[in-house]
Amino acid sequence: MVEVEFLGPLGNKTHKSNATTLYALKEELQAIPEINAWLKDCAIALNHTIISSLDTPIKDGDKIALLPPVCGG
């Protein structure tokens, strides 16, 4: 099982998943309307490291964070 953390405007919530690939996780998250709207704009961190490819393997116990773009002042 992996844990997904939604940060910032995504609500600072967590989601547990049995997905074994980032592609499968993406499909699962697309079924959540309030998350799906942000998916294309979010960076993905896997165990505190930003990744750039959905081909990156995931394994049981991994922590994934969706990082929406932010603007500050």
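Nothing here was measured: the structure is a model prediction, and the numbers come from that model.
Here the shortest heavy-atom pairing between Leu46 and Pro57 reads CD2-O, 3.7 Å. Nearest heavy-atom pair across Ser53 and Thr56 is O-OG1, 2.8 Å.
With values rounded to the nearest 0.5 angstrom, His48 atom NE2 is found 11.0 Å from Ile50 atom CD1. Taking CD of Gln30 as the reference point, atom NZ of Lys40 lies at 12.0 Å (rounded to 0.5 Å). Once rounded to the nearest 0.5 Å, the distance linking OG1 of Thr21 with CD of Glu28 reads 10.0 Å. Distance check: Leu66 CG to Leu29 CG gives 6.0 Å after rounding to the nearest 0.5 Å.
Under the 4.5 Å side-chain heavy-atom criterion for grouping Ile, Leu, Val, Met, Phe, Trp and Tyr, Leu7 is not connected to Ile44 through any hydrophobic cluster. Taken together through direct or relayed side-chain contacts under 4.5 Å among Ile, Leu, Val, Met, Phe, Trp and Tyr, Ile58 and Ile51 form part of one hydrophobic cluster. Two different hydrophobic clusters hold Leu39 and Leu67 under the rule that ILVMFWY side chains link at heavy-atom gaps under 4.5 Å.
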- Derivation and outcome, side chain to side chain contact (heavy atoms under 4.5 Å, CB included), residues Thr20 and Val2: CA-CA 8 Å; Thr20 57; Val2 297; over 6 Å; no
- Determine, stepwise, if the pair Ile35 / Phe6 fulfils side chain to side chain contact (heavy atoms under 4.5 Å, CB included). CA-CA 8 Å; Ile35 300 302; Phe6 307 114; 3.8 Å; yes
- Item | From CA spacing to verdict: side chain to side chain donor-acceptor pair (under 3.5 Å), Glu3, Thr14 | CA-CA 7 Å; Glu3 183 176 299; Thr14 60; 5.0 Å; no
- Task: For Leu25 and Tyr23, run side chain to side chain contact (heavy atoms under 4.5 Å, CB included): C-alpha distance rounded to whole Å, both residues' side-chain angles, the deciding distance at 0.1 Å, then the answer.
- Result: CA-CA 5 Å; Leu25 180 60; Tyr23 284 111; over 6 Å; no
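Judged by distance alone, the side chain of Asp41 and the main-chain N or O of Trp38 form no donor-acceptor pair under 3.5 Å. For Asn36 (side chain) and Ala31 (main-chain N/O), no donor-acceptor pair under 3.5 Å exists by modelled atom type.
Between Glu5 and His15, the side chains place no donor N or O within less than 3.5 Å of an acceptor N or O (distance only, hydrogens not considered).
For the pair Asn47 and Ile64, the minimum side-chain heavy-atom distance is 4.5 Å or more. Considering only heavy atoms from C-beta on, Cys42 comes within 4.5 Å of Leu10 through its side chain.
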